[in-house]
Amino acid sequence: MPELPEVETVLRTLEPRLPGRRVIEARFYSSLVMRGDAAETSKRIRGRLIRGIARRGKFLLLDLGEDTTLAIHLGMTGRLIWQGTPGPHTRALFVFDRGRLVYDDPRQFGRIEVSAALPARIARLGPDALSIPEAEFAARLRGRRGLIKPLLLNQAFISGMGNIYTDETLFRARIHPRALASRLSPERVRRLHQAMREILEAAVASGGSSIADYVDGDGRAGSFQFQHQVYGRAGEPCPACGGPIRRIVIAQRGTHYCPKCQRA
DNA sequence: ATCGGTACCTGCACGC
DNA sequence: TGCGTGCAGGTACCGA
């Protein structure tokens with residue numbers, strides 16, 4: 001579930017709380033979610049001071065000093081709850097000198113990893129979808145093969161976009177999700193970049209989209225789902241032309257678009 | 001080097 | 001009520 005706006009919202013709720021706290025204890029309850037040895041990791045971060053927290057794409061990065069970074073990816077159903085209560089889906093628990101952080105994740109697609117340098121998977125991420133300048137976006141798009149939707153979802157191309165915001169962005173830009181990336185006119189590339197930025201900014205302003213699981217670091221739901229124009233609205237009328245919104249599958253992902261408004 | 005397909009895991013909605 | 005099916009915001013890995 002969590003895409004850039006959701007992770008950014010979690011970041012903003014945790015940013016005032018975590019830095020300056022000291023790790024008293026870290027417990028890991030799932031070897032699926034935890035990358036590496038739980039006992040070893042726990043020992044490694046115990047006693048450390050949280051120096052800062054940042055977002056890279058859909059990853060949250062906790063700076064624990066001395067070349068130690070705790071990276072958290074929320075997967076599809078991950079939640080980080082400040083002062084949360086452990087429950088049946090709790091996969092990790094961080095106890096600080098004051099306060100605690102609970103990581104819940106029913107499907108266990110999320111990942112928690114401690115490393116010295118930045119892990120390769122994070123170093124490989126493309127520029128942030130929220131802040132990439134138009135010229136750089138256009139330059140990276142140049143010469144790319146394949147369909148535009150899978151490319152926007154490719155975290156090495158740009159980081160942060162997921163299924164919801166890709167569909168919403170393409171609708172706003174009036175571009176068909178199967179359009180060939182290499183064939184987009186400069187005008188369409190400009191529109192696509194602008195739409196992406198507007199959608200992501202609006203979603204962040206609404207605290208993200210809460211469809212089933214997502215809540216921020218204080219357990220509060222977002223409200224951008226009420227502004228979705230096409231995502232999850234197959235069969236409903238297009239807000240622009242009134243025709244039915246269609247759902248197809250592209251790269252194994254449910255894809256929602258308006259066949260009238262979005263042309264290849 | 002890139003793709004498309006599959007796998008990972010749990011919960012829920014839906015139809016019968 | 002219960003069961004089978006399909007679907008879900010994500011990424012990683014496989015072989016072509």
Side-chain angles (χ1 to χ4, degrees), chain A residues 1-11 29-36 55-60 71-80 87-92 103-113 119-126 129-130 140-170 177-178 180-182 196 199-200 203-204 206-216 221-235 246-256:
Chain A
M1 61 127 138
E3 308 179 27
L4 186 154
E6 289 75 33
V7 180
E8 178 67 23
T9 302
V10 173
L11 171 73
Y29 306 103
S30 162
S31 54
L32 285 170
V33 166
M34 178 68 220
R35 277 187 200 278
R55 179 183 63 77
R56 283 278 274 124
K58 301 174 193 173
F59 288 86
L60 283 173
I72 300 174
H73 193 294
L74 302 177
M76 291 272 257
T77 54
R79 296 174 161 195
L80 277 171
H89 298 123
T90 296
R91 312 302 183 191
Y103 179 71
D104 288 340
D105 188 356
R107 291 177 69 181
Q108 304 184 86
F109 283 169
R111 294 293 180 264
I112 297 175
E113 176 174 21
R121 64 174 57 78
I122 297 176
R124 270 197 302 266
L125 291 174
L130 192 53
R140 289 180 75 81
L141 209 45
R142 221 163 285 141
R144 293 300 296 238
R145 307 186 163 282
L147 313 181
I148 189 61
K149 169 155 180 176
L151 188 60
L152 292 175
L153 288 172
N154 181 346
Q155 303 298 298
F157 176 65
I158 50 171
S159 57
M161 293 290 277
N163 209 34
I164 294 177
Y165 299 108
T166 298
D167 283 2
E168 293 297 319
T169 290
L170 288 169
R178 272 204 240 270
L180 291 175
S182 58
M196 178 169 75
I199 289 287
L200 292 175
V204 169
S206 295
S209 302
S210 290
I211 294 174
D213 301 277
Y214 167 72
V215 292
D216 69 16
S223 62
F224 194 69
Q225 66 276 15
F226 301 121
Q227 290 180 62
H228 292 175
Q229 306 289 291
V230 290
Y231 183 84
R233 308 183 68 98
R246 182 180 295 174
R247 180 188 180 279
I248 58 176
V249 175
I250 299 176
Q252 283 69 245
R253 309 302 301 274
T255 299
H256 315 75

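Below, read A as the first sequence line, B as the second, and so on, with proteins coming before strands; counting in each chain starts at 1. Note that the structure is a prediction, hence the values are computed from the model and not measured.
When the side-chain nitrogen and oxygen atoms of A:Arg145 are compared with OP1 and OP2 of B:dA1, none of them lie within a distance under 4.0 Å. A sub-4.0 Å separation between OP1 or OP2 of B:dG11 and a side-chain N or O of A:His89 is present. OP1 and OP2 of C:dG10 both lie 4.0 Å or more from every side-chain N or O belonging to A:His73.
Here the closest heavy-atom approach between residue A:Phe157 and residue A:Leu151 is recorded as CD2-O, 3.4 Å. Pairing each heavy atom of A:Leu147 with each of A:Arg178, the nearest pair is CD2-O, 3.4 Å.
Atom CE of A:Met161 is separated from atom C1' of C:dT11 by 17 Å (rounded to the nearest Å). In this structure, A:Asp213 places its CG atom 18 Å from P of C:dC7, rounding to the nearest Å. In this structure, A:Ile211 atom CD1 and B:dA13 atom P are separated by 14 Å, rounded to whole Å. The CD1 atom of A:Ile250 sits 14 Å away from the P atom of B:dC3 (whole-angstrom rounding). In this structure, CG of A:Leu4 is placed 11 Å from P of C:dT11, rounded to the nearest angstrom. A:Gln108 has its CD atom 16 Å from the C1' atom of C:dA8, to the nearest Å. In this structure, the CZ atom of A:Arg253 is 14 Å from the P atom of B:dG4, given to the nearest Å. Residue A:Leu147 contributes atom CG, which lies 12 Å from atom C1' of B:dT2 at whole-angstrom precision.
Under a 3.5 Å cut-off, the side chain of A:Asp167 and the backbone N or O of A:Tyr231 do not form any donor-acceptor pair. Formation of a donor-acceptor pair under 3.5 Å by the A:Arg111 side chain with backbone atoms of A:Leu32 is found in this model. The main-chain N or O of A:His228 is never found under 3.5 Å from a side-chain atom of A:Glu168 such that the two would form a donor-acceptor pair. Of the possible donor and acceptor atoms, one in the side chain of A:Thr255 sits under 3.5 Å from a partner among the backbone N and O of A:Arg253. A donor-acceptor distance shorter than 3.5 angstrom exists from the side chain of A:Arg79 to the backbone of A:Asp213, with no hydrogens or angles considered. Using a distance-only test at 3.5 Å, with no hydrogens or angles considered, a donor-acceptor pair links the side chain of A:Thr90 to the main chain of A:Gly87. Distance alone, capped at 3.5 Å, is enough to place a donor-acceptor pair between the A:Glu6 side chain and the A:Ser209 backbone. The closest donor-acceptor contact from the side chain of A:Gln229 to the backbone of A:Gln227 lies under 3.5 Å. For the pair A:Ser30 (side chain) and A:Arg91 (backbone), a donor-acceptor distance under 3.5 Å is absent. Judged purely by atom type and a 3.5 angstrom limit, A:Arg55 uses its side chain to pair as donor or acceptor with the backbone of A:Gly57.
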Could you run down the sub-3.5 Å N/O contacts of the protein with nucleotides 12-16 of chain C?
from: C:dA12; atom 1: OP1; to: A:Arg121; atom 2: NE; distance (Å): 3.1

Pairs under 3.5 angstrom, nitrogen or oxygen only, protein versus nucleotides 5-8 of chain B, please.
from: B:dG5; atom 1: OP2; to: A:Gln252; atom 2: OE1; distance (Å): 3.1
from: B:dG5; atom 1: N7; to: A:Gln252; atom 2: NE2; distance (Å): 3.4

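The residue A:Ser210 sits close to a base: some heavy atom pair falls under 4.0 Å. Contacts of A:Arg144 with the nucleic acid, taken as non-hydrogen atoms under 4.0 Å apart, are absent.
Base-pairing analysis of DNA chain C finds the following stems of at least three consecutive Watson-Crick or G-U pairs, with both pairing distances under 3.5 Å: B:2-8 with C:10-16, B:10-16 with C:2-8.
Comparing B:dC9 with C:dC14, their P atoms are spaced 16 Å from each other, to the whole Å.
Listed in residue order, the members of residues 149-159 of chain A having a heavy atom less than 4.0 Å from DNA chain C are A:Gln155.
A:Arg35 is linked by a salt bridge (Lys or Arg N to Asp or Glu O under 4.0 Å) to A:Glu113, counting only residues two or more places apart in sequence or in another chain. With sequence neighbours excluded, the residues forming a side chain to side chain contact (heavy atoms under 4.5 Å, CB included) with A:Ala203 are A:Pro5, A:Tyr165, A:Phe224, listed by chain and number.
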